[in-house]
Amino acid sequence: MSERLRVGILGGTGMVGQRFISLLEDHPWFAVTVIAASPRSAGRTYEEAVGGRWKMDTPMPEAVKHIVVMDVNDVAAVAAEVDFVFSAVDMSKDEIKKIEEAYARTETPVVSNNSAHRWTEDVPMMIPEVNAQHMEVISSQRKRLGTERGFIAVKPNCSIQSYAPALAAWREFEPYEAVVTTYQAISGAGKTFRDWPEMEGNVIPYIGGEEEKSEREPLRVLGTVENGVIRPAAEPRITCQCVRVPVLNGHTAAVFIKFRKKPTKEQLIAKLREYKGLPQELNLPSAPKQFIRYMEEDNRPQVTLDVDFEAGMGISIGRLREDHVYDFKFIGLSHNTVRGAAGGAVLCAELLKARGYIKAK
């Protein structure tokens, strides 16, 4: 325990907080020492606070059951017990911005699953294999916050993980326009079929705020660092529809795409299979050995067969074929609460630690 960094989970009783705790159970670098949540949960053991609301497939780790939950609003007390925190709080956007900056100002790095700071210009929003270089803006952010070690880093929306990595792999062919439809699992709303039975056999053609995020966030991920801030890319222009479907875990995307430099199908597949990033080069604990796989079968990827590829940290692409209106079309699949949420944030933290941004206090 003494060799691992002390981690706090802000919002630890919710679904994403539970996923953080599950993923960190045997982590070689990080150990959960503090769980913080709303005042109504504070003062109870984690097992008591969660009660029958544990939503993971695996049992609650024994090591966290008897941790006494702290009040997430007691920033100084929580910060004194940890080296950094993961944030999965359920608050309004303004409240999240305020509390995450408050933690950062205590010299506690914040790696957030929330959307509040995704468009703060000096906050890196990272898919670690795609835009690790965005870490550079942390020095500018620290100047703004007046900190030496505290900062905020975020991961992007879960909906973009199933197709944005492919756009990154194909950048040399200059994709300039894409039409995307995402078919999103109910766990993305923090639900299971037990507490959302009306989703069984149902499709809801609306998810609040998702379409704007799905259209804009890939451009920030693909952007550049200029003068201490992140400038979003201008292309590809993306238009998106987001649909809730009766699936527990796994976001699927159907994508149509145009390129300025016309590739062959074989070139596109090769780029997917070859693509890797800094997490693979550094052999980070949560990094998938193969970030993107291409599947040749006509009926793949499928949620039930493929969502757990690389322990949920890999991306599966299939059905790449030429299109008579656009240049190509394909299907993508990612695990929305692992790669798309807690797992993606854990990988971000590993990268930040490996590059010296997160250290023991």
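All of these numbers come straight from a predicted model, not from anything done at the bench. Note that the numbering runs from 1 along the sequence shown for the chain. All heavy atoms count here, side chains included; hydrogens, waters and symmetry mates do not.
Remark: D57 CG is loosely packed, at most 12 non-hydrogen atoms of other residues, nucleotides or ligands lying under 6.0 Å away. Heavy-atom contacts from other residues, nucleotides or ligands closer than 6.0 Å to NZ of K276 number 12 or fewer. Counted within 6.0 Å of CZ on R237, heavy atoms from surrounding residues, nucleotides or ligands total 12 or fewer; the atom is thus considered open. In the displayed structure, K65 atom NZ is contacted under 6.0 Å by more than 12 heavy atoms of other residues, nucleotides or ligands. Atom NZ of K262 is surrounded by more than 12 heavy atoms from other residues, nucleotides or ligands within 6.0 Å. The environment of CD in Q241 is sparse: at most 12 heavy-atom neighbours from other residues, nucleotides or ligands sit within 6.0 Å. In D71, the CG atom is crowded: over 12 heavy atoms of neighbouring residues, nucleotides or ligands sit closer than 6.0 Å. Annotation: E226, atom CD; neighbour count of heavy atoms from other residues, nucleotides and ligands within 6.0 Å is above 12.
Atoms OG and CD, from S286 and E350 in turn, are 3.5 Å apart once rounded to the nearest 0.5 Å. Here the straight-line distance linking atom CD of Q141 with atom CG of L145 works out to 5.0 Å at 0.5 Å rounding. Remark: D306 CG to L333 CG distance equals 6.5 Å, nearest 0.5 Å. Here OH of Y163 is found 10.0 Å from OG1 of T181. Values are rounded to the nearest 0.5 Å. Atoms NE2 and OG, from H117 and S112 in turn, are 7.5 Å apart once rounded to the nearest 0.5 Å. I186 CD1 to M15 CE: the interatomic distance, rounded to the nearest 0.5 Å, is 7.5 Å.
For the pair R321 (side chain) and R319 (backbone), a donor-acceptor distance under 3.5 Å is present. In this structure, the side chain of Q18 engages the main chain of T13 through a donor-acceptor pair within 3.5 Å. Side-chain N or O atoms of E297 include none that pairs as donor or acceptor with a backbone N or O of N299 at under 3.5 Å. Counting only distance, with no hydrogens or angles, the side chain of H134 and the backbone of G223 share a donor-acceptor pair below 3.5 Å. Here the side chain of H251 pairs a donor or acceptor atom with the backbone of A185 at under 3.5 angstrom. A donor-acceptor pair under 3.5 Å is formed between the side chain of W54 and the backbone N or O of T58. Under the 3.5 Å distance criterion, the side-chain polar atoms of S187 are matched with a main-chain donor or acceptor of L248. Looking only at distances, no side-chain donor or acceptor of D122 sits under 3.5 Å from a matching main-chain atom of G228. With hydrogens and angles disregarded, a donor-acceptor distance shorter than 3.5 Å links the side chain of R6 to the backbone of E81. For R220 (side chain) and P232 (main-chain N/O), no donor-acceptor pair under 3.5 Å exists by modelled atom type.
Across all non-hydrogen atoms, the minimal contact from F193 to V247 is CZ-N, 3.8 Å. Heavy-atom minimum distance, L167 versus P175: O-CG, 4.3 Å. Of all non-hydrogen atoms in V72 and I99, the two that sit nearest each other are O-CD1, 3.5 Å. In this structure, Y46 and V64 approach most closely via the heavy-atom pair CB-O, 3.2 Å. Closest approach of I269 and L320 over heavy atoms only: CG1-CD2, 3.8 Å. Summarising the geometry of S334 relative to V307, their closest heavy-atom pair is O-CG2, 4.2 Å, with the distance given to 0.1 Å.
Salt-bridge check for K55 with D195: passed, with a basic side-chain N closer than 4.0 Å to an acidic carboxylate O. With salt bridges taken as basic N to acidic carboxylate O contacts below 4.0 Å, one links R105 and E101. We find that E47 and R53 are not joined by a salt bridge, their nearest charged nitrogen and carboxylate oxygen being 4.0 Å or further apart. Ion pairing of K261 with E174 is present here, as a side-chain N (NZ or NE/NH1/NH2) and a carboxylate O approach within less than 4.0 Å. Comment: R293 does not engage E310 in a salt bridge, judged by the lack of any side-chain N to carboxylate O separation of less than 4.0 angstrom. Under 4.0 Å is where a charged nitrogen must lie from a carboxylate oxygen, and between K361 and D83 no such pair does. The pair D327-K258 fails the salt-bridge criterion, with no side-chain N (NZ, NE, NH1 or NH2) lying under 4.0 Å from an Asp/Glu carboxylate O.
Linking Ile, Leu, Val, Met, Phe, Trp and Tyr whenever their side-chain heavy atoms come within less than 4.5 Å puts M126 and V338 in one cluster. One hydrophobic cluster, built from ILVMFWY side chains closer than 4.5 Å, cannot hold both V110 and L347; they sit in different ones. Following chains of ILVMFWY side-chain contacts shorter than 4.5 Å, one can reach V75 starting from M91, so the two form part of one hydrophobic cluster. Transitive grouping of hydrophobic side chains (ILVMFWY, heavy atoms separated by less than 4.5 Å) brings V16 and V69 into a common cluster. One hydrophobic cluster, built from ILVMFWY side chains closer than 4.5 Å, holds both L10 and V34.
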Subject >> Verdict with supporting geometry, V346 and L24, side chain to side chain contact (heavy atoms under 4.5 Å, CB included) >> reply: CA-CA 8 Å; V346 171; L24 293 170; 4.1 Å; yes
**OP:** Show your working on side chain to side chain contact (heavy atoms under 4.5 Å, CB included) between E235 and E177 and close with a plain yes or no.
**Re:** CA-CA 7 Å; E235 293 179 337; E177 187 175 298; over 6 Å; no
**OP:** Let me see the working for R149 and K359 under side chain to side chain contact (heavy atoms under 4.5 Å, CB included), right down to the final yes or no.
**Re:** CA-CA 8 Å; R149 70 186 304 279; K359 302 177 182 177; 4.1 Å; yes
Original post:
After noting the C-alpha distance and the side-chain angles of I152 and Y103, does the key distance pass the side chain to side chain contact (heavy atoms under 4.5 Å, CB included) rule?
Top reply: CA-CA 9 Å; I152 302 164; Y103 274 95; over 6 Å; no
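Residues R19 and T337 bring a donor and an acceptor atom of their side chains to less than 3.5 Å of each other. The closest side-chain donor-acceptor pair between Q280 and E129 falls under 3.5 angstrom. Checked by atom type, the side-chain pair E211/Y206 shows no donor-acceptor distance below 3.5 Å. Looking only at atom types and distance, the side chain of S159 has a donor-acceptor partner in the side chain of S214 under 3.5 Å away. For the residue pair E100 and N114, a side-chain donor N or O sits within less than 3.5 Å of a side-chain acceptor on the partner.
Ring orientation note: the planes of F20 and F86 are close to parallel, at an angle under 30° on the 30°/60° scale. Between F30 and H27, the ring planes lie parallel to each other; the angle is under 30°, not in the 30° to 60° tilted range.
Ring centers of F328 and W170: at least 6.0 Å apart, outside the cut-off.
I204 is not listed as a side-chain neighbour of Q184, based on a closest heavy-atom distance of 4.5 Å or more. Side-chain atoms of R118 and K213, non-hydrogen and from C-beta on, do get closer than 4.5 Å to each other. Between I35 and I21 the shortest side-chain heavy-atom distance falls below 4.5 Å. Side chains of V82 and T33 form a contact here, defined as non-hydrogen atoms less than 4.5 Å apart. A 4.5 Å side-chain heavy-atom check between S38 and V89 finds every atom pair outside the cut-off.
Of the residues R216, E217, E210, E212, the one that meets the side-chain hydrogen bond (donor to acceptor under 3.5 Å, both in side chains) test with N157 is E210.
Taking the ring axis of Y294 as reference, the NZ or CZ atom of R273 does not stay both within 45° of it and closer than 6.0 Å to the ring centre.
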